[in-house]
Amino acid sequence: MGEEGKELEYGIMSVDGYEKSSIPEINIQSVYTWIELVHIFENQGNYEKALFYFEKAFNKAKESDKDWYLRPAMINTANVYVKQNRFNEASTFYNNAIIMERADQGVEYKIWGFSGLGEIAIIEKKYKKAVQYFKDALDIAVEHSMKTNIDDCMCKTGYAFLLDKQYDSAEVYLKEGLKKAFESGGKKTIEDSYNYLSKLYEDQNKYKEAIYYARLFKQTSDSNYNKTKLTVINNLEVLYQTNKKEKEIINLQANNAEKELALLKRNKLLWITGIFID
């Protein structure tokens, strides 16, 4: 609802609550709250502060013998390093998360690890390597029937093919990813697919198709923006009404306090007057 100060306040309170618990299974959950605190500073662009809290998450995660507490810290740390253009460090964390997942047949962080490596490869303009990383992620998603991951990985693979100028393969993956996104309801993937298909046809001088997908991209983008904007407006309305109600309560309490004080003064005056009359 836009109250970043409250978000930080509640996050710290949550950490404090978990840390005070003597039950190990509850105490260790502070890992996830430390990571939420990271996201607050990451969204603000304060990456040094974000990494400071990641260190807190790591230290807590190491208290457990379960690897799954380390994985979210690894992936999220890698994401912050990418934003700082510290690609070697980011790659190390992505690879470590992948290795851990392979050890116990986990899938989610393995997919995110390969996708992260693919994103780095795109930034470094190593498009063939990016294609392979995204295909590795896609293979895992398909194997485990993870619909939302399948459409996203297909879209990213298609985009990597596009950047590598392998247009036929790009078209196949982007259109299939678009189809899967409609089935899973992946709005962001639908938007990205339209955008990349427009670029694909523009690169091939197929302007009619390029304009068609460009229009779909704009329509989808505007629709998603308007929905997001409406959600923000509704949240602000709730916030306004909540604050209004709180002010009404405070005013009512103040009025009641004034009435009680007036009554107290009146009783005191009557008591004093009674003394003098006696």
Is there a path of hydrophobic side-chain contacts, each under 4.5 Å between heavy atoms of I, L, V, M, F, W or Y residues, that connects F134 with M146?
-> no
Kindly indicate whether the side chain of K147, heavy atoms from C-beta on, has any atom under 4.5 Å from the side chain of E183.
-> no
Which pair of heavy atoms, one from Y133 and one from A121, lies closest together, and at what distance?
-> CD1-CB, 4.4 Å
About how many Å separate NZ of K188 and OG1 of T148, when rounded to the nearest 0.5 Å?
-> 14.0 Å
Under 3.5 Å, is there a donor-acceptor pair between the N205 and Y207 side chains?
-> yes
Kindly give the heavy-atom pair with the smallest separation between V38 and A50, and that separation in Å.
-> CG2-O, 3.3 Å
What heavy-atom pair brings M74 and A97 nearest, and what distance separates the two atoms?
-> SD-N, 3.9 Å
Minimal heavy-atom distance between A57 and I35, with the atoms involved, is CB-CG1, 4.0 Å
Would you check if Y127 and L162 make a side-chain contact, meaning some heavy-atom pair closer than 4.5 Å?
-> no
Starting at CD1 of I111, measure out to CD of E143 and round the result to the nearest 0.5 Å.
-> 9.5 Å
Would you say the side chain of I75 lies within less than 4.5 Å of the side chain of F93, judging by non-hydrogen atoms?
-> no
Does CG belonging to N85 count more than 12 external heavy atoms closer than 6.0 Å?
-> yes
Those residues at least two apart in sequence (or on a different chain) that pass ring-ring contact (aromatic ring centres under 6.0 Å, His included) with Y213 are Y201
Sequence neighbours excluded, which residues qualify as side-chain contact (heavy atoms from CB on, under 4.5 Å) partners of I211?
-> R215
Can you tell me how far the CG atom of D152 sits from the OG1 atom of T157, to the nearest 0.5 Å?
-> 9.0 Å
Residues in salt bridge (Lys or Arg N to Asp or Glu O under 4.0 Å) with E63, at least two apart?
-> K60
For residues T33 and G11, report the shortest heavy-atom separation together with the two atoms involved.
-> CG2-O, 3.2 Å
Does the pair Y159 and D164 meet the rule for a side-chain hydrogen bond (donor to acceptor under 3.5 Å, both in side chains), with working shown?
-> CA-CA 9 Å; Y159 181 52; D164 199 40; over 6 Å; no
Does some side-chain heavy atom of L117 sit less than 4.5 Å from a side-chain heavy atom of I98?
-> yes
Does N59 use its side chain to pair, donor to acceptor, with the backbone of E55 at less than 3.5 Å?
-> yes
Hey, any chance V31 and I12 share a hydrophobic cluster, counting ILVMFWY side chains that come within less than 4.5 Å of each other, even indirectly?
-> yes
Any chain of hydrophobic side-chain contacts (each under 4.5 Å) joining I150 to I140?
-> no
Mind checking the CG-NE2 spacing from D139 to H144? Nearest 0.5 Å is all I need.
-> 10.5 Å
Are M154 and V107 in one and the same hydrophobic cluster, where Ile, Leu, Val, Met, Phe, Trp and Tyr link if side-chain heavy atoms are under 4.5 Å apart?
-> no
Scan side-chain atoms only and decide if N76 and Y81 contain a donor-acceptor pair under the 3.5 Å cut-off.
-> no
Using a 4.5 Å cut-off on heavy atoms from C-beta on, say whether the side chain of C155 contacts that of Y196.
-> yes
If a pair satisfies salt bridge (charged side-chain N to carboxylate O under 4.0 Å, His left out) and one of its residues is in residues 37-53, list it, with sequence neighbours excluded.
-> E42-K83
Verify the neighbour count for atom CG of D168: are there more than 12 heavy atoms of other residues, nucleotides or ligands below 6.0 Å?
-> no
Rounded distance (nearest 0.5 Å) linking atom SG of C153 with atom CG of D136 = 10.0 Å
Do I122 and K129 come within less than 4.5 Å of each other through their side chains, counting heavy atoms only?
-> no
Taking the side chain as every heavy atom from C-beta outward, state whether K156 and L138 have any atom pair closer than 4.5 Å.
-> no
Fit a plane to each ring of H39 and F54, take the angle between them on a 0 to 90° scale, and name the class: parallel (under 30°), tilted (30 to 60°) or perpendicular (over 60°).
-> perpendicular
If you measure from the Lys or Arg side-chain nitrogens to the Asp or Glu carboxylate oxygens, is any gap between E209 and K206 under 4.0 Å?
-> no
Which residue pairs satisfy the ring-ring contact (aromatic ring centres under 6.0 Å, His included) criterion with at least one member in residues 166-195, sequence neighbours excluded?
-> F161-Y173
Checking Q132 side chain against K128 main chain: does a donor-acceptor pair fall under 3.5 Å?
-> no
Donor-acceptor pair between S21 and N27 side chains, under 3.5 angstrom = no
Per ring-ring contact (aromatic ring centres under 6.0 Å, His included), Y53 is matched among F58, Y32, F41 by F41
Heavy atoms only: give me the nearest A61-I28 pair and the separation to one decimal.
-> CA-CD1, 4.4 Å
State whether a side-chain donor-acceptor pair under 3.5 Å links N46 with Q44.
-> no
Nearest-0.5 Å distance that lies between atom CG in L174 and atom NZ in K179 | 15.0 Å
Apply the test side chain to side chain contact (heavy atoms under 4.5 Å, CB included) to residues K187 and T220: give CA-CA distance (whole Å), side-chain angles for both, the deciding distance (0.1 Å), then the verdict.
-> CA-CA 8 Å; K187 296 178 181 178; T220 308; over 6 Å; no
Got a sec: does the OH of Y212 have more than 12 other heavy atoms crowding it under 6.0 Å?
-> no
List for me each residue that meets salt bridge (Lys or Arg N to Asp or Glu O under 4.0 Å) alongside K175, sequence neighbours excluded, and say none if there are none.
-> E171
Do E19 and S30 get their side chains close enough for a donor-acceptor pair, meaning under 3.5 Å?
-> yes
Show the numbers, then the answer: is there a side chain to side chain contact (heavy atoms under 4.5 Å, CB included) between D16 and K20?
-> CA-CA 6 Å; D16 186 54; K20 285 181 178 177; 3.1 Å; yes
For the residue pair L200 and D203, establish whether any side-chain heavy-atom pair is separated by less than 4.5 Å.
-> no
Transitively linked via ILVMFWY side-chain contacts under 4.5 Å: V172 with L163?
-> no
